[in-house]
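Notes to accompany the following structure.
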Amino acid sequence: MEFDSKPKHEPDTIHSWTFLSKIRNQSPLIQCITNFVSMDLMANTLLSAGASPAMIHSIEEIPDFTPHARALCINVGTLSPDWLPAMKAAAQVLTKLGKPWVLDPVAAGASNFRLNACMDLVAMKPTVIRGNASEIISLSKASLSSSKGVDSFHESMDAMEAAKSLAEASGAIVAVSGAIDIVTDGNRVIGAHNGVPMMQKITATGCAVTALVAAFVAVDPLHPLEATVSALSIFGIAGELGMEMAKGPASLRMHLIDSLYGLDQAAVLSRSKIISL
């Protein structure tokens, strides 16, 4: 599929700075049930954006703690049978309370166990599903793909139709990360063209942006598509600013977090590349 990377226009309903300002003003509590690799970067990303992270994954704590969360982020990166009941219990609590939750189906096609667990979670009606192209294609087909890891062998645009189908089938907003991040509700498709390639050299950046999506959706649960696009754009802008000071992946990680913390309205408005597809 050919794609003109020049921005067409920013949809009138999307104001990324408004979402970020709400997070900084409200400091929403975001519960994360995530993998061991990503906990640190996810927590620091949320803190830098102004949210309040809670890395709570014990099923014994779900009844007491989870109702206080404004949103939930579930990430299956280092999935084990012991954690899956807690993921399902937390998702059920948030759904009953009418609060949003976000699913990151890491390496969804790597094994039958992982794919089945992801499909069980999809059936529980997440507000947003965010993954790379291979993960979204795997979920859409609900069968094993050729991908056996967390890296994507497809570009985001390759997964557009799969994302639309998954959105229609699940009722979730579906986001596909890539050189151009795409977000769809099954009908509308919006792209965010921010970020730098070196972000892919930092482990857990995808996990971190999923947590940021949860924070954005938490402060405006009535507009999950717009919130998701805004989160992807904001994270990408922070990466662009961080890259201007970085020497490599390690320093980019540090400068990305600093840039997210220091983002101002002028930088967001001048750099945001949100486009209708």
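Computed from a predicted model, the values in this text were never measured in an experiment.
Counting only distance, with no hydrogens or angles, the side chain of Thr210 and the backbone of Gly206 share a donor-acceptor pair below 3.5 Å.
Hydrophobic clustering, defined by side-chain heavy atoms of Ile, Leu, Val, Met, Phe, Trp and Tyr closer than 4.5 Å, leaves Tyr261 isolated from every other such residue.
Side chains of Thr228 and Arg130: no donor on one and acceptor on the other come within 3.5 Å.
Residue pairs meeting the salt bridge (Lys or Arg N to Asp or Glu O under 4.0 Å) criterion with at least one member in residues 47-74: none, sequence neighbours excluded. Pairs engaging residues 163-175 under the side chain to side chain donor-acceptor pair (under 3.5 Å) rule: none recorded [sequence neighbours left out]. Residue pairs satisfying the ring pair (Phe, Tyr, Trp, His ring centres under 6.0 Å) criterion with at least one member in residues 206-238, sequence neighbours excluded, are absent. Sequence neighbours left out, the pairs with a member in residues 65-111 that pass ring pair (Phe, Tyr, Trp, His ring centres under 6.0 Å) are Phe36-Trp83, His57-Trp83.
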* To do: Let me see the working for Asn132 and Ser177 under side chain to side chain donor-acceptor pair (under 3.5 Å), right down to the final yes or no.
  => CA-CA 5 Å; Asn132 64 37; Ser177 293; over 6 Å; no

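For the pair Asp181 and Lys273, the salt-bridge criterion is not met [side-chain N within less than 4.0 Å of a carboxylate O].
Checked against side chain to side chain donor-acceptor pair (under 3.5 Å), Asp120 has the following partners two or more places apart in sequence or in another chain: Lys88.
Here the NZ atom belonging to Lys22 is positioned 10.5 Å from the NE2 atom belonging to His15, to the nearest 0.5 angstrom. Interatomic distance, Gln265 CD to Ser270 OG, rounded to the nearest 0.5 Å: 10.5 Å.
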